[in-house]
Every structure is written in structure tokens, then in C-alpha cells.
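Working notes, structure below.
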There are 2 protein chains.
Amino acid sequence: MTDLREANRGAVLSDLLVHRPTTRTAIAQRTGLSAATISRAVEVLVADGVVREVSEVVSANRGRRAVALDLVGERSVVAGVDLGASTTRVVLADFAGAELRRWEEPTRSDLPAAALADWLAGMVTGRSAGLGAGLAAVSVGLPGAVAESGAVSNAPNLPQVMDAEFTSGLRRAGAVGIRVDNDVNYALLGEQRRGAAADAGDAAMVTIGAGLGAALAIDGRILHGRHGLIGEFGQLPAGPMGTRLEHMVTGPGILRRAEEAGVPLARPQDLFDDEHRLSPLRTQFDHALQIVLTAVAVASEPEVVVLGGGIAESLAGDLDRYQATLGATLQVAPRLVPAALGSFSGAIGAAIDAVHSLYADLGAEPGFGGGHGRSAAS
Amino acid sequence: MTDLREANRGAVLSDLLVHRPTTRTAIAQRTGLSAATISRAVEVLVADGVVREVSEVVSANRGRRAVALDLVGERSVVAGVDLGASTTRVVLADFAGAELRRWEEPTRSDLPAAALADWLAGMVTGRSAGLGAGLAAVSVGLPGAVAESGAVSNAPNLPQVMDAEFTSGLRRAGAVGIRVDNDVNYALLGEQRRGAAADAGDAAMVTIGAGLGAALAIDGRILHGRHGLIGEFGQLPAGPMGTRLEHMVTGPGILRRAEEAGVPLARPQDLFDDEHRLSPLRTQFDHALQIVLTAVAVASEPEVVVLGGGIAESLAGDLDRYQATLGATLQVAPRLVPAALGSFSGAIGAAIDAVHSLYADLGAEPGFGGGHGRSAAS
DNA sequence: GGAGTTTGCTTTCTGCTCGCAAGCAAAGTC
DNA sequence: GACTTTGCTTGCGAGCAGAAAGCAAACTCC
């Protein structure tokens with residue numbers, strides 16, 4: 001109950017972030033506020049240069065044409081980064097969330113923490129130069145658990161990021177607000193806003209690649225946990241002899257287990273060739289994945305579970321089968337779908353989070369899908 | 001934003017529900033509202049007979065003594081019911097949540113759905129007669145998943161409750177508001193408010209008895225899921241040969257597995273005698289429980305996991321061991337504690353939910369720990 | 001034991017905001 | 001060209017919260 005007027009401006013912005021473009025009347029209906037209040041709030045936002053009237057909306061209605069409102073995109077640029085163990089993907093977007101540029105390059109995983117941060121910051125600032133507006137916010141997803149304090153743990157595939165030097169280095173390099181969160185959390189956010197989990201309030205994502213990660217969202221909100229451990233289903237000691245599931249289903253785990261079984265594979269993906277379809281290794285993989293999917297399902301009861309990550313791409317043809325098994329186990333099973341944004345889910349989600357962080361500064365409530373990310377605290 | 005004045009009254013009530021008794025000034029501090037506003041709101045509540053000034057608070061402060069405020073208890077009586085597969089436990093409480101009476105008796109599991117509802121309703125109304133005030137709300141916890149719609153599923157140990165006749169019968173028998181939810185959800189609510197999970201916003205509960213159940217709370221809110229399936233970790237196919245975990249750790253499952261192994265047990269509890277400490281069956285049980293605990297931990301990252309249920313009582317001495325294993329698996333492991341309210345956690349939690357439902361009618365926000373239960377919809 | 005002080009609560013008053021209703025504007029319909 | 005529909009803005013009244021001042025009841029200290 002700070003300032004009611006400001007709160008209403010925030011509500012308008014929040015609505016505009018999700019429904020874009022829209023009209024004053026539509027905002028009034030969705031927010032439940034009166035048209036008069038919306039008009040007054042929009043007036044301020046337009047004066048502030050945050051919102052702009054765009055060309056009139058095409059409408060089948062009879063009366064006066066509504067004036068479409070949209071966010072002013074050119075104000076500034078944000079970056080969403082998915083710092084993977086092997087590949088780093090970046091998306092630059094404008095203030096309105098429109099994608100401006102995307103690229104990927106190998107992660108310099110050979111660098112120590114501070115140098116890695118410098119490399120990342122240099123790459124992003126370098127490539128965002130000359131876009132007209134300055135970089136206003138950066139969100140970085142990384143393969144580890146990010147605590148409320150900003151501390152990173154559980155990142156075996158890119159251990160440098162656990163070093164406090166990494167986050168502090170990032171903050172030093174860029175003058176702008178930097179937020180850090182788990183890569184899968186961002187990927188789920190991306191899929192919720194622009195991908196396979198659109199309009200699913202309860203959704204989950206599982207990524208399988210170099211590591212196993214999961215993210216859970218309930219009522220549009222991504223669950224974090226004080227230490228960021230929510231979703232670490234790879235820790236489940238449910239494999240044979242109590243092996244952790246992450247050793248059963250991730251790329252390095254598959255290679256090692258194949259070697260131990262005397263049938264070495266050239267690449268983890270080979271396990272999903274037809275010739276291995278009935279191999280014990282493949283059966284164990286399926287079983288382990290089934291446990292993960294069931295755990296995700298009963299942890300948050302998502303309407304949809306999005307599968308992403310390098311290994312998951314090889315599973316596209318088997319989704320129906322997994323879905324069927326899941327349905328046999330649970331009365332109500334979630335839909336199992338591949339990531340619609342592909343390997344860029346995480347970067348896109350990070351960019352969305354960065355945009356959100358800017359609007360949060362303007363008073364927008366963390367509405368549907370909001371409240372993500374963690375600002376890199378000192 | 002309905003009526004701001006009413007909203008403030010609700011905020012005062014919500015605060016009073018959690019901090020009881022308290023003073024006007026204390027409420028003002030906690031809610032952030034001005035003392036004037038609180039005074040005005042309290043005035044109305046006292047006039048309505050919902051709140052009362054009680055004897056002055058003993059204080060070490062120097063100035064004028066604050067007048068303690070408390071809820072008026074005698075207005076009405078609520079009942080919390082824990083309808084177990086074998087035992088039914090009931091708690092009667094007054095409007096202020098003070099326990100009036102508790103008892104338990106064998107569940108008439110031989111009865112069909114409608115008759116079971118009649119038996120339950122008759123028992124509760126009969127025993128609550130003559131308490132001065134009428135029964136105003138009843139909350140029933142049962143061993144199954146309760147959907148938003150009110151439909152019950154996943155109740156193998158008391159299948160009658162899945163029959164729509166049961167809930168409709170309950171509603172017919174009692175004229176008052178009846179709410180139904182999963183028994184473990186209520187048990188966790190009880191432990192959060194009066195027991196082992198007090199002042200833990202993020203908490204979880206696992207009950208092991210005739211069935212395996214779990215409940216998760218994040219930020220004081222118990223997670224439900226549209227179909228009430230959140231927490232059904234017994235469905236995890238993580239036992240040997242893909243056995244569901246509920247078959248590994250529950251009473252009936254233990255007996256059957258012991259028989260299959262050629263070492264029949266008289267009672268499931270016998271598995272936890274010293275003589276079985278190193279038996280393969282016990283090892284398998286420990287492993288299965290470890291998986292459940294890990295899954296609960298990474299599903300919601302609770303500060304504390306409360307263990308309840310008949311089997312869990314036998315585990316009291318082993319909690320340290322489980323805790324140690326959990327700590328070895330996870331960087332940050334939750335505390336593992338037995339249910340402080342014993343076998344009445346569920347009934348007490350249900351009674352708290354019933355009280356909450358009454359205050360929700362008066363405008364109290366579902367604050368910390370609120371928003372539980374599901375009204376038995378038609 | 002009286003003056004001063006601290007704390008709790010109430011009352012008065014001011015400023016702010018919202019929603020209603022009326023008015024204006026812009027489109028389509030007849 | 002009058003009428004209707006729809007979108008937005010403006011004028012007005014009511015409601016509410018908070019600041020500040022006032023009253024009340026304790027304690028402390030001289």
C-alpha cells in the first residue's frame with residue numbers, strides 16, 4: 001500500500017507486459033479498474049516515455065476505434081545469457097522484449113572465474129554496442145543452483161561459476177543491473193512466455209544434457225527455494241545401487257556407464273540410435289528418466305512438462321512412449337513436449353527476466369510469470 | 001480492492017489469527033498500517049463481537065499499558081477430522097482455535113460411501129452437541145488426493161471416499177460449511193501452526209503408515225495442484241524392478257514384501273526391531289525412504305521435514321541416521337523431526353483450517369499458512 | 001506526592017484517489 | 001444527416017488513510 005496511484009501504474013505496466021499491444025478499455029477490463037483510472041495512469045506513462053500510442057487497432061466493432069498502446073522499445077537494450085557448460089547463448093532484446101540479435105559461441109570453460117566473467121561481460125557489451133540504446137539489464141542463467149544470497153552451488157559442469165569471484169566480476173564489468181539464476185529456471189520462463197508452456201500456469205521443465213536440471217512453476221511463478229535447490233532431481237539416489245539419477249541420464253554419465261558396460265559409445269546421443277533401443281543401458285536410461293518425470297509431476301503437478309537440453313533433443317521421437325508410461329503411473333499426467341524455443345529457451349527466458357527487472361523498477365508487479373531471477377547480491 | 005476499510009479489517013483479523021493475543025500497537029507495527037487505522041478497524045470488530053479486549057498485558061515498558069485484544073472464542077465451534085484408513089480422530093475447537101475436546105475411534109471402513117459419511121457426520125454432530133455454540137465449520141482430512149473440484153482420487157486404503165456419494169453425503173448431513181483435503185496437507189498445517197514446523201515458512205511433511213503421503217509448503221502456503229496430486233511421491237517407480245515406493249515403505253507393503261522374502265512379520269513395526277536392523281528388507285526400506293526424503297527436499301527445499309504416521313513412529317530413533325545420509329546427498333539438507341502433535345496432527349490441522357474458513361468469511365486474507373482446504377464443491 | 005516522561009490509544013483534519021456519471025470524440029448504421 | 005455504438009476524458013462526490021494533536025494511563029525521579 002505504498003502509493004495507490006503508483007500501484008495502478010504498475011498494474012497497467014504489468015498487464016501491458018503480458019498483453020501487448022492492447023487498449024485502455026481492455027486493460028480496464030482485465031485489471032478490474034475503472035476506465036477513468038486507466039486513462040489517468042496511461043497519461044503518466046506516456047508522459048514518462050514508457051508507453052506510446054501506436055496505430056489504431058483493427059477491430060470488428062462498430063464504434064470509435066480504440067487506440068492501441070504499446071511499450072516503447074527503443075528506450076534501452078537488455079541481454080539474456082545462457083552460460084552453458086560448453087556453449088554460451090545470448091539474446092539481445094529491446095525494452096519491449098522484441099529480440100534484436102542472438103548468437104552462440106563456445107563457452108571459455110578453460111578460464112578461471114574472474115577471467116570467465118570478464119570474457120562474458122566483454123562479449124555482451126561488445127556485441128550490444130551500436131544498437132542505439134545502452135545496455136540496461138543483463139540476466140545470466142548458469143548450470144547451477146543459485147541461492148537467494150547470490151551464492152552458486154551444484155555446478156559440477158562449470159565449477160568456476162561457484163566462485164564468488166565470478167559474480168562479483170560480472171557486476172564489476174557491467175555497470176548495469178545483473179541478475180543470475182539457474183539456467184533451467186530461465187528456460188522455463190522463456191517457454192512459458194514464448195514457447196511450449198504458454199498459458200500454462202503450472203508448468204515444469206526438465207533439461208538433460210551435460211547435467212540434469214528441472215524447474216517448477218506454480219501459478220505462473222517459478223519456485224526457487226532459499227538455496228536454489230528446488231528442482232535438483234538429479235540428486236535422487238534412485239539408480240541401481242543408489243546411483244544418483246544425474247549419473248544415469250546425462251551425457252558424461254551415459255558415456256561412462258557405456259564404457260563400464262563394455263559397449264563404449266562415441267557420443268551420448270548414440271544411445272538413442274535404433275541399434276541400442278533394447279540395450280540394458282537404454283532401458284536403465286528410460287527408467288531413470290521416468291523417475292525424474294514422475295518426481296517432477298508429483299512435485300508441482302504441472303499441466304505440461306517441457307523437455308530441453310542436448311540429450312532431450314534425441315528423445316523427440318520417444319516422447320509419446322514416455323508420456324504413455326507416465327499416464328499409466330499417474331491418474332492425471334502432464335503433457336510432455338519438446339522445447340519450442342529449442343536451445344535458446346534459456347537465453348530468451350533470461351532476456352525476458354531482464355526486461356522484467358526493468359519494469360519492476362518502474363513499479364510493475366511481478367504478475368503472471370513474474371518474480372524470477374535473483375539480483376546478484378554482494 | 002473491494003472495500004479498503006473491509007480489507008484492513010481482514011488484515012487485522014489475519015494478524016490476530018497468527019499472533020494471539022496482541023495489542024493495537026503491535027498490529028499496527030506488523031501490518032504497517034497507522035495506529036489510527038488499526039483503532040478504527042478494531043472498533044468495528046469489537047462492535048461485531050468478533051474481537052474482545054481482555055485483561056491488560058503484562059509489560060516491562062514504562063508507559064500506559066496496552067490493552068490486549070483477542071478473538072472471541074465462544075461464538076461457535078468447529079471440528080477437525082482426520083479420517084484415517086483404520087482410525088478416525090476428531091478435534092473440536094472454539095472460534096479462537098482453542099481445543100475443546102478430542103477423541104479417536106476406529107474408522108467404520110466396512111461401510112459404503114454414503115453410510116460412512118452419515119456415520120462420520122453423526123459422530124461429530126453428536127459429540128459437539130451441548131457445547132453451548134453450534135457447529136459452524138467442519139474440515140475433513142482423508143487419505144487421498146483431493147482435486148480443486150472436490151473429487152477424490154488415489155485413496156486405495158479407504159476407497160469409499162472416492163465415491164461422489166461420500167462428499168455429497170457429508171454435505172447433506174451437516175448444514176455447515178464442509179471442507180475436504182488430503183490428510184497430510186492438514187497434518188502439515190497443524191505442525192506449522194502448533195507443532196514441529198512452527199515458524200518455518202518452507203516446510204514439508206511425510207507420513208508413513210497404511211499409505212505414504214507428503215505435503216509441501218512454500219512461503220507458508222501448502223501446495224495443492226489442480227488435482228491434488230502434489231506430494232504423491234509414493235507413485236515414484238524407484239523401487240527394485242520399478243516398484244512404486246509406496247509399496248516399499250507402507251505397512252501393508254512391508255508385510256507383503258516380508259512374506260515374499262520368506263521372513264513374515266507379525267506387524268510392520270517389527271521391521272524396525274534390532275533383529276531386523278541389518279536385514280535386506282530393512283535396507284531396502286531405508287533406501288526407499290531416502291529417495292522419498294530427497295525428492296521432498298528438492299521439490300520444495302523445506303527448512304524442516306516432519307515425519308508422521310504409524311510407521312514413522314517406529315523410526316524416531318533412526319532420524320539422526322536418515323538426516324546424516326540426507327546431508328551427505330544434498331549440500332543443504334532440511335531438519336528431520338518427528339510430528340510434535342503426534343497422531344493428532346491431521347485432526348488439529350483440519351480444525352485450524354475450519355477456523356480459517358470462518359475467518360475467510362469475515363474477510364481475513366489467507367495470510368501466512370492460510371489458503372488451505374477445499375470447500376466440498378457440488 | 002507532584003512534575004515530568006513514556007507509551008497507548010483516539011480524534012480531528014487534511015490530502016489523496018477512485019469510481020460514477022456526464023460529456024466529448026470518432027467510428028459505423030440506417 | 002440523424003442515430004447508435006464504442007472509446008476515452010473530465011467534473012464531482014465519497015471514502016479512506018495518515019499526520020498531528022489531544023487525551024489517558026502507567027512509570028520515574030526528585
Side-chain angles (χ1 to χ4, degrees), chain A residues 1-16 19-48 50-70 363-365, chain B residues 1-16 19-48 50-70 363-365:
Chain A
M1 300 258 174
T2 42
D3 196 345
L4 206 38
R5 204 133 205 164
E6 192 172 321
N8 284 338
R9 274 204 303 279
V12 170
L13 268 184
S14 309
D15 191 75
L16 211 47
H19 304 98
R20 209 164 69 72
T22 186
T23 70
R24 290 173 174 84
T25 313
I27 296 175
Q29 277 173 1
R30 280 190 295 261
T31 59
L33 297 167
S34 74
T37 304
I38 300 299
S39 265
R40 284 185 276 248
V42 167
E43 193 180 14
V44 177
L45 290 170
V46 171
D48 287 357
V50 181
V51 170
R52 158 178 58 197
E53 298 189 344
V54 294
S55 64
E56 296 181 6
V57 97
V58 271
S59 147
N61 287 348
R62 291 211 298 162
R64 171 177 171 180
R65 288 288 155 85
V67 180
L69 301 170
D70 205 351
E365 303 264 314
Chain B
M1 301 253 175
T2 41
D3 196 345
L4 205 39
R5 205 134 205 162
E6 193 174 315
N8 283 339
R9 274 205 302 281
V12 170
L13 268 184
S14 308
D15 191 75
L16 210 46
H19 304 97
R20 210 165 65 73
T22 186
T23 69
R24 290 174 176 81
T25 313
I27 297 176
Q29 278 173 0
R30 280 190 295 262
T31 58
L33 295 167
S34 73
T37 304
I38 299 298
S39 266
R40 284 185 278 247
V42 167
E43 193 180 16
V44 176
L45 290 171
V46 170
D48 288 355
V50 181
V51 169
R52 161 178 57 198
E53 299 190 341
V54 297
S55 64
E56 296 179 6
V57 97
V58 272
S59 146
N61 287 349
R62 290 211 300 163
R64 171 177 170 181
R65 289 288 156 84
V67 180
L69 301 171
D70 205 349
E365 303 263 315

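All chains are named by letter (A, B, ...) in the order of the sequence lines, taking the proteins before the strands, and each is independently numbered beginning at 1. Atom set for the values below is all heavy atoms of this structure, side chains included, hydrogens, waters and symmetry mates excluded.
Rounded to whole angstrom, the span from the CG atom of Leu33(A) across to the P atom of dC8(D) amounts to 15 Å. Rounded to whole angstrom, the span from the CD atom of Glu6(A) across to the C1' atom of dC16(C) amounts to 14 Å. Nucleotide dC16(D) holds its P atom 14 Å from the CD atom of Glu43(B), rounded to whole Å. Rounded to an integer number of Å, the gap from CZ of Arg64(B) to C1' of dG8(C) is 5 Å. As rounded to whole Å, 6 Å separates atom P of dC8(D) from atom CZ of Arg24(A). A straight line from CZ of Arg65(A) to C1' of dT29(C) spans 13 Å, rounded to a whole angstrom. Protein atom CG of Asn8(A) is 9 Å distant from nucleotide atom C1' of dT17(C), rounded to whole Å. Remark: P of dA19(D) and CD1 of Ile38(B) are 13 Å apart, rounded to the nearest angstrom.
The residue among Gln29(B) and Gly32(A) whose nearest nucleotide of DNA chain C lies closer to the 5′ end is Gln29(B).
Looking only at side-chain heavy atoms (C-beta outward), Ile27(A) and Gln29(A) stay at 4.5 Å or farther from each other. Inter-residue side-chain proximity for Val12(A) and Asn8(A) is flagged as unmet; no heavy-atom pair is nearer than 4.5 Å.
If you check distances only, the side chain of Arg40(B) does reach the base of dG18(D) with a donor-acceptor pair under 3.5 Å.
Atom-to-atom distance recorded for Ile38(A):CD1 and Thr31(A):OG1 is 4.0 Å, nearest 0.5 angstrom.
Arg5(B) and Thr37(B) form no side-chain donor-acceptor contact under 3.5 Å, judged by distance and modelled atom types alone.
Shown are His19(B), Arg24(B), Arg20(B), Arg52(B); of these, the side chain to side chain contact (heavy atoms under 4.5 Å, CB included) with Leu69(B) is made only by Arg24(B).
Phosphate contact (OP1/OP2 of dC8(D), side-chain N/O of Ser39(A), threshold under 4.0 Å): absent. At dC16(D), one or more side-chain N or O atoms of Arg5(B) fall inside 4.0 Å of OP1 or OP2 (strictly under the cut-off).
Counting non-hydrogen atoms under 4.0 angstrom, Thr25(A) reaches the backbone sugars and phosphates but no base. Ser34(B) comes within 4.0 angstrom of a nucleotide base, judged by non-hydrogen atoms across all strands.
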